[in-house]
Amino acid sequence: LFRSPGSGGKKSVSEREVTFACVGSAIAKCVERLGYKPWKQVTPPGAAKAVSMVQQQEVGVKRKGALGDVKYSLNGTLFHNTYSSSNFDLTQGPTGTYYQSAYKSTGIEFEGSLRAGGFAMVGNLTYTQAKITANAQGANPAALVSSGVGNQPANTPKLMYMVAPSYSIGNFTGGLMLQGRGKTNTNSSSPYWAPAYTLIHANLGYEFAPGATVSLNVHNLTNKLFTS
């Protein structure tokens, strides 16, 4: 009921730099819908539509190196993907409800790290332009009611980021993590926006034996109210 074909390749530009590209897809049969009737009673068009499909293409570059005593790595990826799904929910409405949904997105992602002596830092940032291309439902699959086409998909912010610096002294390691995202649409059919936020987390660890560490983690250090 699930398959995931794909292909890709990479090329070494130098000892410290690699470029890559890949194309992939994932297809899953909607077992809730196909299990409602025996396979022999599902028409070929119906069987073809009763799936969820993701297709993605990406190209990028990875680089690592050193500037004096500072070691670093940096990855950049440009991506494009599409998602589509058709399904049926028997529990919604007198005779059940059919759903058709799809969206597309294009974006760029950066990941990086650096280390100098006891100091280390990792981070990532993703910027995505996403748009709903189908969002319909109804009791009659031939006459679904559409809404929200062109909106930003729910719970898909344009901007997401994380930065986590840390410092080690002896057997002690302490650090912070800043984690945030831009404003987010919470309703695909009729936009309703949740505000952007940044959360701060803290951690402290002590290695009391080789490979054994006890740690204390504090999430949302400033007790910030946010929506997720």
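Residue numbers run from 1 in the order of the sequence given.
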Side-chain polar contacts of residues 146-153 - donor-acceptor pairs under 3.5 angstrom, sequence neighbours left out - could you list them?
unit_1 : atom_1 : unit_2 : atom_2 : d
Ser147 : OG     : Ser189 : OG     : 3.3
Asn151 : ND2    : Gly148 : O      : 3.4
Asn151 : ND2    : Ser188 : O      : 3.0
Asn151 : ND2    : Ser189 : O      : 3.4
Gln152 : NE2    : Thr156 : O      : 2.5

Trace of the side-chain contact (heavy atoms from CB on, under 4.5 Å) decision for Phe20 with Lys11 = CA-CA 6 Å; Phe20 64 91; Lys11 177 178 176 57; over 6 Å; no

Output, in order, the C-alpha distance, side-chain angles, deciding distance and verdict of side-chain contact (heavy atoms from CB on, under 4.5 Å) for Met177 and Met162.
-> CA-CA 7 Å; Met177 175 186 290; Met162 183 278 293; 3.9 Å; yes

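- Panel note: side chain Thr97, backbone Gln92; a donor-acceptor pair is recorded below 3.5 Å.
- The minimum heavy-atom distance between Tyr161 and Arg181, with the atom names listed, is CE2-N, 3.9 Å.
- In this view, Leu199 and Tyr197, His201, Asn220, Lys224, Phe226 satisfy the side chain to side chain contact (heavy atoms under 4.5 Å, CB included) rule, not counting sequence neighbours.
- Atom OG1 of Thr106 and atom CD1 of Ile108 lie 11.5 Å apart (nearest 0.5 Å).
- Here the shortest heavy-atom pairing between Thr184 and Pro157 reads OG1-CB, 3.5 Å.
- One finds the CD atom of Gln100 at 9.5 Å from the CG atom of Asn135 (value rounded to the nearest 0.5 Å).
- Across every non-hydrogen atom of Ala202 and Leu176, the tightest pair is CB-CD2, 3.7 Å.
- Side chains of Asn217 and Ser215 form a contact here, defined as non-hydrogen atoms less than 4.5 Å apart.
- Residue Lys104 holds its NZ atom at 13.5 Å from OG of Ser84, rounded to the nearest 0.5 Å.
- Under a 3.5 Å cut-off, the side chain of His80 and the backbone N or O of Gly107 do not form any donor-acceptor pair.
- Taking each heavy atom of Ala66 and Arg16 in turn, the nearest pair found is N-NH1, 3.9 Å.
- For Asn223, there are no side chain to side chain contact (heavy atoms under 4.5 Å, CB included) partners, not counting sequence neighbours.
- You'll find the side chain of Phe79 stays beyond 4.5 Å of the side chain of Val59, heavy atoms only.
- Side-chain heavy atoms closer than 4.5 Å link hydrophobic residues (I, L, V, M, F, W, Y) into clusters, and following such links, even through other members, never connects Ile169 to Leu204.
- Qualifying side chain to side chain contact (heavy atoms under 4.5 Å, CB included) partners for Val23, counting only residues two or more places apart in sequence or in other chains: Gln57.
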Scan the side chains in residues 111-129 for donor-acceptor partners under 3.5 Å anywhere in the protein, sequence neighbours excluded, and list what turns up.
unit_1 : atom_1 : unit_2 : atom_2 : d
Ser113 : OG     : Ser73  : OG     : 2.6
Tyr127 : OH     : Gln129 : NE2    : 3.0

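- Shortest non-hydrogen contact noted between Pro191 and Asn185 is CA-OD1, 3.3 Å.
- Judged purely by atom type and a 3.5 angstrom limit, Thr186 uses its side chain to pair as donor or acceptor with the backbone of Tyr192.
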Could you go step by step and tell me if Phe208 and Val214 meet the side-chain contact (heavy atoms from CB on, under 4.5 Å) rule?
-> CA-CA 7 Å; Phe208 60 89; Val214 60; 4.2 Å; yes

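- In terms of hydrophobic clustering, with Ile, Leu, Val, Met, Phe, Trp and Tyr side chains grouped at heavy-atom distances under 4.5 Å, Val163 and Tyr167 are assigned to a common cluster.
- Remark: Glu109 CD to Leu78 CG distance equals 11.0 Å, nearest 0.5 Å.
- Under the 4.5 Å side-chain heavy-atom criterion for grouping Ile, Leu, Val, Met, Phe, Trp and Tyr, Tyr103 is not connected to Met53 through any hydrophobic cluster.
- By the 4.5 Å heavy-atom criterion applied to side chains, Ser101 and Tyr83 are counted as neighbours.
- Smallest separation of non-hydrogen atoms from Tyr72 and Leu67: CE2-CG, 4.1 Å.
- Sequence neighbours left out, the pairs with a member in residues 62-73 that pass salt bridge (Lys or Arg N to Asp or Glu O under 4.0 Å) are Glu17-Arg63.
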